[in-house]
Structure formats: structure tokens, C-alpha cells
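What follows is one structure encoded as C-alpha cells, with my remarks underneath.
In this chain, numbering begins with 1 at the start of the sequence shown.
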Amino acid sequence: MSKMTLYASCIPVKGAVRSTICDLQRTTYEIIPNSMYDFLVYYNGKSINEIKNDFSIEDQVIVDEYIDFLLKKEYIFFSDFPNNFPPISLDWDSPCLITNAIVDFDAASNHNFKKIVDQLSFLRCQALELRFFDVVNLNFIKGLILQTKNSSLRYINLVIKYDSLILEEDIKDLLAQNTVLTHVLFHSCPKPVFTELATTVFSIDTIISDETHCGVISEYNFSVNITSFTESVNFNSCLNRKISIDKRGEIKNCPSLPNSFGNINDISLNEIVNQSNFTRVWQIKKDSINVCKDCEFRYICTDCRAYVSDLYAKPIKCHYDPYNPSGVIN
């Protein structure tokens, strides 16, 4: 007898008032009522007859509506062998001691960038974000990227202060010569720029003058895929396996956090990573954070431990209330 089977890549997540289905294969999510979450969880693996026997004739109309919706969205299917489709593992691990890093620059920064890259490679870091708070010459950026050749880095994001002297052809050339670049964000833009390159290059009018502009929680930063989802289930979605070097060379979990573990000129990144005081914030997952633990978006949302009232408090820069929801996070 065919039984209702939830696709393994479609994970229901229950919130205080409503729920989501996170489709980790198609990288989308759907807001659903909590009653549908309960229906999915309880009746997964049961036949139509088994399901309908639990409901009155009047309520069976709702059952049909739920099943029609779930089939249309391809969240469920019916199978004679549901045990052949086990749930996916929600475990997370990485061979990288550090998966991602941030290095900040202002006009007074004097980083030994090659030293930083070599140490990140030792930690098998694959993703790096370079943030420039002041106007910077593109040739300087090209020189930095050149130093990442033959390193472990596979993805580089740039956050650059807009300069009218930078031409679209310059950016096209930068992207063409450096396939490692995944995103380029220009801040402090008086108007949208480089619109022809919109899939890779973005522009905002916000003035990012220092690290305090970080930590905004928004639906635009949602990440719906198996890697980020499982990491969020088990670890902090922002700080896990992250290391940062602020504009003065101080090594931190995040440049916005006050606690420094030493300066890059005096101590190696590897020494920092082996300190329990540094890694303890990696364990602060959304299920441990007040309010966030009741949010239906908790496994696809980012986090921030820099701007909070206490270490386990909801981020101050999140304005979403899962107990009185309206739309999504903005």
C-alpha cells in the first residue's frame, strides 16, 4: 500500500507560530502553518487510509487540501516502499580547520598579507572576504589576489568603497583574470553602478566606514542548502570555523567582537585556533539562543554574537518577532 513519503531534502522546521519547509535541493523554503508541520511529521510513512481514519468526514477536506498542496509543491510522494527513502543525515563536518575568514582594511592598515594567506592555507581555509573601508586602488587589490595563488583559498569576496575612477571595464578585467572572485560589493555608491555585472557585482548606497556595519539580520542573507543548514543545526551559523583579522591586525572571531586573541604580527592563526576560548562561540547554535530557538527560519538565517545583550540573546539587529510574525525577516 502506497504511503506518504517526505522527500529527504525537504526538511520541516517548526516555529512558535508557524513553520517552514526548507527544500535543500532546490534551495528554497515555504512558510506553512504549524498544523501542516504536525501533519507532515506525524503522518509521514502512513497510507491515505491510515491518515483519514484519524479525521472526521468534515476534516478530511483539510487533509485532501494538505496532500494536494504538498504533492503540487513536490514535498511529498507516495511509495509502496517508504523505508527505501531514509532521512538525510543532519550531521556536519569539514576537513578545514577554518572554513572562512575576514580581513579588514582601512587607509592605515599595514597587513603582511602573504603571511596571512600562508597561515590560512595551513588551516585549509577555502573562503576569504576582504573588506575595504576607504578608497583603494584596484592594482592593490589585484596584488592581494595574486598572493592567494597556489593557496587553499577557492572563493574570495570583496567589499570595496566606491570610487568614480573605477570603470566597468576595470571590473570586467578583474573578474576575467581572477576566477576565484565570487562576489564584489561596492558600498558608499551615490547610485547603482556596474549593473551589467549584476550576477557578481553589487552596489549599495550604505556607507560602510568600519566593522560596526556588520551584523544585520535579513531574509536577503538566508542560505538554504544542505551544507549551511546542517552547520546551523549543529553550530553557530556565523562564527563556526571562522577567523578574522581586523584593520589593526587583531585576531578575532569576528572583527565586530571586542575580544582580541592577539595581533597577527605576534602570534600565528594556528595558535589561536587551538585555544578553547576562541572556539567556544562555535557551539552557540540557534537552538541555544533565546527567541531564535523558536524561529521558523533559524536554520537558514545568519547569526550575530557581536551585537547582543548577552551571549545567548537574539541579535539586536534582527527585527523579526517569531511570536508575532509578519512576512519574513527584514
Side-chain angles (χ1 to χ4, degrees), residues 27 100-111 113 116-117 120 125-149 151 153-223 228 238 242-249 252 254-256 301-304 306-307 315 317-319 329-330:
T27 67
N100 65 108
I102 297 174
V103 180
D104 283 347
F105 296 80
D106 66 7
S109 297
N110 188 28
H111 301 319
F113 191 67
I116 293 171
V117 170
L120 288 176
C125 179
Q126 293 191 334
L128 173 64
E129 183 168 86
L130 303 177
R131 305 192 303 190
F132 302 90
F133 302 131
D134 296 314
V135 171
V136 62
N137 188 289
L138 274 189
N139 286 329
F140 177 75
I141 294 177
K142 290 179 181 179
L144 296 181
I145 298 173
L146 186 63
Q147 294 180 67
T148 69
K149 302 294 185 183
S151 73
L153 296 170
R154 296 293 177 266
Y155 316 98
I156 296 179
N157 289 347
L158 301 177
V159 179
I160 307 172
K161 184 173 184 178
Y162 176 68
D163 181 358
S164 60
L165 296 178
I166 298 176
L167 304 178
E168 187 166 299
E169 288 304 314
D170 297 328
I171 300 304
K172 288 181 178 179
D173 181 62
L174 181 69
L175 294 172
Q177 294 183 18
N178 299 282
T179 55
V180 70
L181 288 179
T182 50
H183 291 90
V184 180
L185 173 67
F186 284 93
H187 64 87
S188 310
C189 296
K191 61 180 180 180
V193 294
F194 312 130
T195 53
E196 288 187 15
L197 305 172
T199 57
T200 305
V201 181
F202 308 89
S203 61
I204 57 175
D205 58 6
T206 304
I207 298 172
I208 302 178
S209 57
D210 56 36
E211 66 281 353
T212 62
H213 294 272
C214 192
V216 176
I217 307 300
S218 168
E219 63 173 300
Y220 300 110
N221 294 324
F222 282 179
S223 182
S228 61
C238 179
K242 172 179 281 181
I243 200 163
S244 302
I245 299 170
D246 76 4
K247 57 194 177 187
R248 299 284 78 86
K252 302 179 178 181
C254 163
S256 299
C301 185
T302 54
D303 186 44
C304 176
Y307 304 105
K317 295 185 182 182
C318 175
H319 304 295
I329 298 174
N330 53 49

Just wondering, do Cys254 and Ile102 contact through their side chains at under 4.5 Å, heavy atoms? no
Side-chain heavy atoms of Leu175 within contact of Val201, under 4.5 Å: yes
Report the residues that fulfil ring-ring contact (aromatic ring centres under 6.0 Å, His included) with His111, sequence neighbours left out, ordered by chain and then residue number. Phe105
Can you see which heavy atom on Ser203 is nearest to which on Pro192, and at what distance? OG-CA, 3.5 Å
My understanding is that only residues two or more places apart in sequence, or in another chain, count here; which of them pass side-chain hydrogen bond (donor to acceptor under 3.5 Å, both in side chains) with Lys142? Asp173
Check for a donor-acceptor pair, side chain of Asp106 on one end and backbone N or O of Ala108 on the other, with a separation under 3.5 Å. yes
Nearest 0.5 angstrom please: Leu138 CG to Leu174 CG, how far? 6.0 Å
Rounded distance (nearest 0.5 Å) linking atom CG of Asn157 with atom CG of Leu185: 9.0 Å
Applying ring-ring contact (aromatic ring centres under 6.0 Å, His included), name anything that partners Phe202, two or more places apart in sequence or on another chain. His183
On a heavy-atom basis, the closest approach of Val216 and His213 is CG2-O, 4.2 Å
Would you compute the distance between atom NZ of Lys247 and atom OG of Ser109 and round it to the nearest 0.5 angstrom? 8.0 Å
Do Ile217 and Cys301 have side chains that get closer than 4.5 Å, going by heavy atoms? yes
Partners meeting side-chain hydrogen bond (donor to acceptor under 3.5 Å, both in side chains) with Ser228 (sequence neighbours left out): Ser223, Asn225
Not counting sequence neighbours, list each pair that qualifies as a ring pair (Phe, Tyr, Trp, His ring centres under 6.0 Å) and has a residue in residues 155-176. none
Return yes if some donor-acceptor pair links the side-chain N/O of Asp134 with the main-chain N/O of Ala107 below 3.5 Å, else return no. yes
The reported gap from CD in Glu168 to CG in Leu197 (rounded to nearest 0.5 angstrom) is 5.0 Å
Student check: side-chain heavy atoms of Ile116 and Gln147 closer than 4.5 Å: no
Which heavy atom in Asn221 sits nearest to a heavy atom in Thr302, and how many Å separate them? O-CG2, 3.7 Å
Checking side chain to side chain contact (heavy atoms under 4.5 Å, CB included) for the pair Val180/Ile145: CA distance, chi angles, key distance, verdict? CA-CA 9 Å; Val180 70; Ile145 298 173; 4.1 Å; yes
Rounded to the nearest 0.5 Å, what separation is found between the CD1 atom of Ile243 and the CG atom of Leu128? 12.0 Å
If only atom types and distance count, is the side chain of Lys317 paired as donor or acceptor with the main-chain N or O of Cys214 below 3.5 Å? yes
Any pair with a residue in residues 187-197 that passes side-chain hydrogen bond (donor to acceptor under 3.5 Å, both in side chains), sequence neighbours left out, goes on the list, sorted by first then second residue, please. none
Ser256 side chain to Glu211 backbone, donor-acceptor under 3.5 Å: yes
Short N-O contact, Arg248 and Asp104, less than 4.0 angstrom: no
Nearest-0.5 Å distance, CD1 of residue Ile141 to CD1 of residue Ile160: 3.5 Å
State whether the number of non-hydrogen atoms from other residues, nucleotides or ligands found under 6.0 Å of Ile207 atom CD1 is greater than 12. no
Is the number of heavy atoms from other residues, nucleotides or ligands within 6.0 Å of CG (Asn139) greater than 12? yes
Answer whether the closest heavy-atom distance between the side chains of Val184 and Phe194 falls below 4.5 Å. no
